Amino acid sequence: MHDTLPPRTGLSQMAGLIKLMRPRQWIKNAFVLAPLLFSGAFADPASVGQALLAMLLFCVASSATYTVNDLKDIERDRRHPTKSRKRPLAAGTVTVPAALALLVVLYGVLVWGWFVQPGVILVILAYVVLNLAYSFVLKHQPVMDIFTIAIGFVLRVYAGAQALAVPVSSWMFVTTLCLALYLASVKRRQELSQSGAEGREVLERYTVALVNRYAEMSATGALLFYSMFVMSSRPELVITVPVVLFGLFRYWYVVEKLDGGESPTDALLSDWPLIATVLAWTGACLWALWPTLQG
């Protein structure tokens, strides 16, 4: 498919390297900030700085993971009708040596992070190992692939707690796991319905009906456990439960009627009611938790 690769310039390769890091996907690392919000530490500038640094380190780690995955799948991506154009390595806008150099820089930043936030880096190390296992083995195993993605989000929350040295409610961990399982199941559903089994080897072992049931069960669990977390630990946040419910309904609408969801990030950023829902939930949390800081 790439008998003649596009000419590369320094500027185009730099743009390709940035694209290779997938900065649009960094929005997922906002989960690192959950402990900052729910602990009420968002009024402390030092805590905010620590949480933002942890999120930045997770962005670096996730970009390194994407780079490794694209290096491994370069030949497969070149045969894919969409990825052959959108993935910089497959499209030829970034060379393999340049991608490897980028990987060295990203891992170098994580080594530096060890001297600043060792607890966070230990969590990130677990994330990196988990994703290496995913790239080479687990993404080919049905159900395990979905759980691996979801555990990555739980690790993000745990990293945020490590950055602030605060405990995290077990309800928050279970809620995060269910929400991530919901998003991962919907992603598999959309890949299966839009591309069939051609997009991923593991899709041959799924059906749309099966992943629909996974998504529905996970969404129900996320709402249930979030409500129990609110009522047991943060009753002042009860006003956010309807907002969460609306967000789940709206996301499923985007998936079912607007054909989104293959990329949760794209689904969020392309739908203004979903963006408004996230902002409304964040604002409601800040408003509800702020008075407790003054008392």
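This one's a predicted model, so the numbers in the text were calculated from it and none came from an experiment.
- Shown here are the side-chain hydrogen bond (donor to acceptor under 3.5 Å, both in side chains) partners of Thr65, two or more places apart in sequence or in another chain: there are none.
- Cluster annotation: Val186 is connected to Leu245 through the hydrophobic network of ILVMFWY side chains, with a link wherever side-chain heavy atoms come within less than 4.5 Å.
- At a threshold of 4.0 Å, the pair Arg76-Asp70 does not count as salt-bridged, since none of the basic side-chain nitrogens sits closer than that to a carboxylate oxygen.
- A distance of 11.0 Å separates CZ in Phe173 from CZ in Phe229, rounded to the nearest 0.5 Å.
- For Arg189, the salt bridge (Lys or Arg N to Asp or Glu O under 4.0 Å) partners at least two apart in sequence or on another chain are Glu256.
- Judged as a salt bridge (Lys or Arg N to Asp or Glu O under 4.0 Å), and not counting sequence neighbours, the contacts of Asp145 are Arg188.
- Note that the NE2 atom of His140 and the CZ atom of Arg205 stand 9.5 Å from one another [nearest 0.5 Å].
- Residues passing the side-chain hydrogen bond (donor to acceptor under 3.5 Å, both in side chains) test with Thr148, sequence neighbours excluded: none.
- To the nearest 0.5 Å, atom CD1 of residue Ile151 and atom CG of residue Leu181 are 8.5 Å apart.
- Through direct or indirect side-chain contacts shorter than 4.5 Å among Ile, Leu, Val, Met, Phe, Trp and Tyr, Leu125 is connected to Val129.
- In this view, Lys28 satisfies the salt bridge (Lys or Arg N to Asp or Glu O under 4.0 Å) rule with no residue, not counting sequence neighbours.
- Counted by atom type alone, Ser63 and Trp26 present one or more donor-acceptor pairs between their side chains at under 3.5 Å.
- For the pair Val48 and Phe42, the tightest heavy-atom approach, listed with the atom from each and the gap, is CG2-O, 3.5 Å.
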What side-chain donor-acceptor pairs closer than 3.5 Å can you find for residues 214-222, not counting sequence neighbours?
unit_1 : atom_1 : unit_2 : atom_2 : d
Ser218 : OG     : Tyr214 : O      : 2.8
Thr220 : OG1    : Glu216 : O      : 2.9

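- Heavy atoms of other residues, nucleotides or ligands lying less than 6.0 angstrom from OH of Tyr66 number more than 12.
- For Arg24, the salt bridge (Lys or Arg N to Asp or Glu O under 4.0 Å) partners at least two apart in sequence or on another chain are Asp266.
- The closest donor-acceptor contact from the side chain of Thr240 to the backbone of Val243 lies at 3.5 Å or more, if one exists at all.
- Counting only residues at least two apart or on different chains, no salt bridge (charged side-chain N to carboxylate O under 4.0 Å, His left out) pair has a member in residues 153-166.
- For Leu106 against Val60, the heavy-atom pair with the smallest separation is O-CG1, 3.3 Å.
- Listed here is the closest heavy atom pair of Gly16 and Pro88: O-CG, 3.5 Å.
- One finds the CG atom of Asn29 at 10.5 Å from the CG atom of Leu57 (value rounded to the nearest 0.5 Å).
- A side-chain hydrogen bond (donor to acceptor under 3.5 Å, both in side chains) check over residues 163-184, counting only residues at least two apart or in different chains, returns the pairs Trp171-Ser232.
- Of all heavy-atom pairs between Ala54 and Ala159, the closest is CB-O, 4.5 Å.
- Tracing side-chain contacts under 4.5 Å through hydrophobic residues (I, L, V, M, F, W, Y), one reaches Leu102 starting from Val96; they form part of the same cluster.
- In this structure, Phe246 is not a member of the same hydrophobic cluster as Trp287, with clusters built from ILVMFWY side-chain heavy atoms closer than 4.5 Å.
- In this structure, OG1 on Thr67 lies 8.0 Å from CG on Leu89, to the nearest 0.5 angstrom.
- The shortest non-hydrogen separation linking Ala51 to Val32 is O-CG1, 4.1 Å.
- The neighbour count for Lys86 NZ, taken as heavy atoms of other residues, nucleotides or ligands under 6.0 Å away, does not exceed 12.
- We find the CG-CG distance between Leu289 and Leu237 to be 4.5 Å, quoted to the nearest 0.5 Å.
- Scanning for side-chain hydrogen bond (donor to acceptor under 3.5 Å, both in side chains) contacts around Arg250 gives Asp271, with sequence neighbours left out.
- For the side-chain hydrogen bond (donor to acceptor under 3.5 Å, both in side chains) condition, the pairs that include at least one residue of residues 100-117, sequence neighbours left out, are Gln50-Gln117.
- Counting all heavy atoms, side chain and backbone alike, Ile27 lies closest to Thr265 at CG2-CG2, 3.5 Å.
- The environment of Phe38 atom CZ is dense: over 12 non-hydrogen atoms of other residues, nucleotides or ligands sit within 6.0 angstrom.
- Side-chain atoms of Ser193 come within 3.5 Å of backbone atoms of Gln190 as a donor-acceptor pair (strictly under, hydrogens ignored).
- When each of Val202, Ile149, Asn69 is tested with Lys139 by the rule side-chain contact (heavy atoms from CB on, under 4.5 Å), just one qualifies, namely Asn69.
- Linking Ile, Leu, Val, Met, Phe, Trp and Tyr residues whenever their side-chain heavy atoms come within less than 4.5 Å places Val116 and Tyr158 in a single cluster.
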